[in-house]
Engineer: 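I am attaching a structure below and will ask some questions about it afterwards.
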2 protein chains.
Amino acid sequence: MVRKPTSKETARKPNMREAILAAAEELFATNGFNAVSVRDIAQAAGANPGSVTYHFKTKDGLLLEIYRRHCGPMNLRRSELLAAARRVRDLQDRLEAIVRAYVVPAFTSGSDLAGGGARFTRLRAVMSAEGNEVARRIIAQTFDDTSHAFIDAIHESLPHVPRTEIVWRSHFLLGALYYSLVTPERVSRLSRGEADGSDAAAAIEQLVQATVASFQAPALDQAAPARRRATASNKT
Amino acid sequence: MVRKPTSKETARKPNMREAILAAAEELFATNGFNAVSVRDIAQAAGANPGSVTYHFKTKDGLLLEIYRRHCGPMNLRRSELLAAARRVRDLQDRLEAIVRAYVVPAFTSGSDLAGGGARFTRLRAVMSAEGNEVARRIIAQTFDDTSHAFIDAIHESLPHVPRTEIVWRSHFLLGALYYSLVTPERVSRLSRGEADGSDAAAAIEQLVQATVASFQAPALDQAAPARRRATASNKT
DNA sequence: ATGTGATTTGTACTATCGTACAAAAAATCA
DNA sequence: TGATTTTTTGTACGATAGTACAAATCACAT
């Protein structure tokens, strides 16, 4: 007799929990958290609204579980790639490898289907823009360590650039990365169809190239002691 | 007898329409469109919910009016600065002037109070992330012309870089710009207090410096005919 | 001062939100 | 199989959403 697979093993058939997670991820990533209702998610997953409550208790709990699901694999992948990058001898090559170790897992997560990593990263971008409280807490706990590790690694390969500047430029990197996933069609539109903003491989290459160049730019000396400056600064 | 100012002139006292606009701008920019209710806006403006309906008919109409209010002055300022930048002889200096002409008005709009430009730009960033339909329409109509003008100007000062790459890199610029306004506290946090992410002047300098460097990076030759590529591309 | 149009207020309507919960169904195991 | 647990369904409740609208109030020209 053929043993029936247990629910843990059935990844194909009606695994409602997974279907709901996938649907929520997709909807949150494209429309934001508040624009999507629990009913929308249930419908997209072919489930009953009550089923969402059963599996995740609250809407926040659902978002939390999406993060919990992705953060581990993604940061693991990043630290593996970062460790490998650190071993590159040539400083120029090492810098590129580090940047690549940061960018690549954001587009292609190791855990699931094609586009899974990009979809989660887009979700993070949208949650960040919406100032989502749940996301904010998770990010501060989970991603700051990773960010510091990358900043330190970059600083090692660019010892003459002050750390503050590296922070700024890696911040720009994350912003560019996010925006590339949020509005890929803008690239296609502005290039009049010559580039495909949804082509992850192309986006990665462009992003890595541009970012490495920005890191290698000469430092703004005045910015190092940024605290004491009497510029006509416009607080935002 | 002292003439009483007409309602058009009174900018100080209870100009409800303006108060509502300002409150909505602030709330939308920090929390997104869907998380903010008309009642929230009315309360923040010290107005009655019905007053919002009276002045702007719908919530979408309110957002529309915010855009209508800012787009004109900001794009005007940008084209003035761009025209001036185009006249710079030295190609290196010209490139920096062009980038600055793009960035500066996004932080400091000419029309209103301190932080007004940055607040509106942050609003645009958030609307873009949320995939807001109203914003999407306005952007395609209003901002694409400006973007093309800047891309063309940059291309003129970097004739050896293919236009496609300039599109990518200016896209990254906008993403970095947006993100700097959306999460300035992240810069402060990651730099351990050494940098102030809310310091617009510092952000502008860092952004201009990094972006100019990225534009000057060597072109990815393979990316020019990007349409015909058989990379293991991961569509997002 | 008074009448008139512009604005503000208060309230109400309908729709939809997140969530709770009991009943039904499915799955699991002795 | 029958008992028990897990999952799904259906429905309902209170809260809040956007918007409409009549009444009240204000600004101002005559």
Engineer: Any side-chain donor paired with an acceptor under 3.5 Å for B:Gln206 and A:His171?
Structural biologist: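 Their side chains do not contain a donor-acceptor pair, so the 3.5 Å distance test is not met.
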Engineer: Produce a footprint string for nucleotides 18-23 of chain D: one letter per nucleotide, 5' end first; B if the base is under 4.0 Å from any protein heavy atom, S if only the sugar-phosphate is, - if neither.
Structural biologist: BBS---
Engineer: Between C:dT8 atom P and B:Glu18 atom CD, what is the distance in whole Å?
Structural biologist: 12 Å
Engineer: A:Ile20 CD1 to C:dT19 P: how many Å, rounded?
Structural biologist: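 Those two atoms, CD1 and P, are 14 Å apart.
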Engineer: Assess, by modelled atom type and distance only, whether the side chains of B:Ser37 and B:Asp40 contain a donor and an acceptor separated by less than 3.5 Å.
Structural biologist: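 Yes, because at least one side-chain N or O of B:Ser37 sits under 3.5 Å from a partner of the opposite role on B:Asp40.
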Engineer: Whole-Å distance between C:dT16 C1' and A:Asp40 CG?
Structural biologist: 10 Å
Engineer: A:Ile41 CD1 to C:dT16 P: how many Å, rounded?
Structural biologist: 17 Å
Engineer: What bend angle does the helix from C:dA1-D:dT30 to C:dA30-D:dT1 show across its length, from five-pair end axes and to the nearest 10 degrees?
Structural biologist: 10°
Engineer: Between A:Glu65 and A:Lys57, is there a salt bridge with N-O shorter than 4.0 Å?
Structural biologist: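 No salt bridge links A:Lys57 with A:Glu65.
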Engineer: Less than 3.5 Å apart, any donor N or O on the side chain of A:Arg186 or B:Ser147 sitting next to an acceptor on the other?
Structural biologist: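 Judged by distance alone, the side chains do pair up.
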Engineer: Output yes when A:Arg100 and A:Glu205 qualify as a salt bridge under the 4.0 Å nitrogen-oxygen rule, no when they do not.
Structural biologist: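 Salt bridge between A:Arg100 and A:Glu205, a charged N being under 4.0 Å from a carboxylate O: yes.
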Engineer: Can a side chain N or O of A:Tyr54 be found less than 4.0 Å away from OP1 or OP2 on D:dT7?
Structural biologist: yes
Engineer: Round to the nearest Å and state the distance from B:Met16 atom CE to D:dT25 atom C1'.
Structural biologist: 13 Å
Engineer: Taking C-beta and beyond as the side chain, do B:Asn34 and A:Asn31 meet within less than 4.5 Å on heavy atoms?
Structural biologist: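 No. Closest side-chain heavy atoms not under 4.5 Å.
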Engineer: CG of A:Asn48 versus P of C:dA23: gap in Å, rounded?
Structural biologist: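 After rounding, the gap between these two atoms is 17 Å.
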Engineer: Take the protein atom CG of B:Asn15 and the nucleotide atom C1' of C:dA6, then report the distance between them rounded to whole Å.
Structural biologist: 13 Å
Engineer: Distance check needed: C:dC17 P versus A:Leu27 CG, whole Å only.
Structural biologist: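 For the pair A:Leu27 CG and C:dC17 P, the rounded distance is 12 Å.
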Engineer: Does this structure show an ion pair linking A:Arg136 with A:Glu133, if we count only N-O contacts that are shorter than 4.0 Å?
Structural biologist: yes
Engineer: Hey, does B:Met74 have a side-chain heavy atom less than 4.5 Å from the side chain of B:Arg78?
Structural biologist: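 A side-chain contact exists here, since the closest heavy-atom pair is under 4.5 Å.
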Engineer: Between B:His55 and C:dT8, is there a side-chain N or O to OP1/OP2 distance below 4.0 Å?
Structural biologist: yes
Engineer: With a 4.5 Å heavy-atom cut-off, do A:Leu123 and A:Leu63 have their side chains touching?
Structural biologist: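 Of all side-chain heavy-atom pairs linking A:Leu63 with A:Leu123, at least one is under 4.5 Å.
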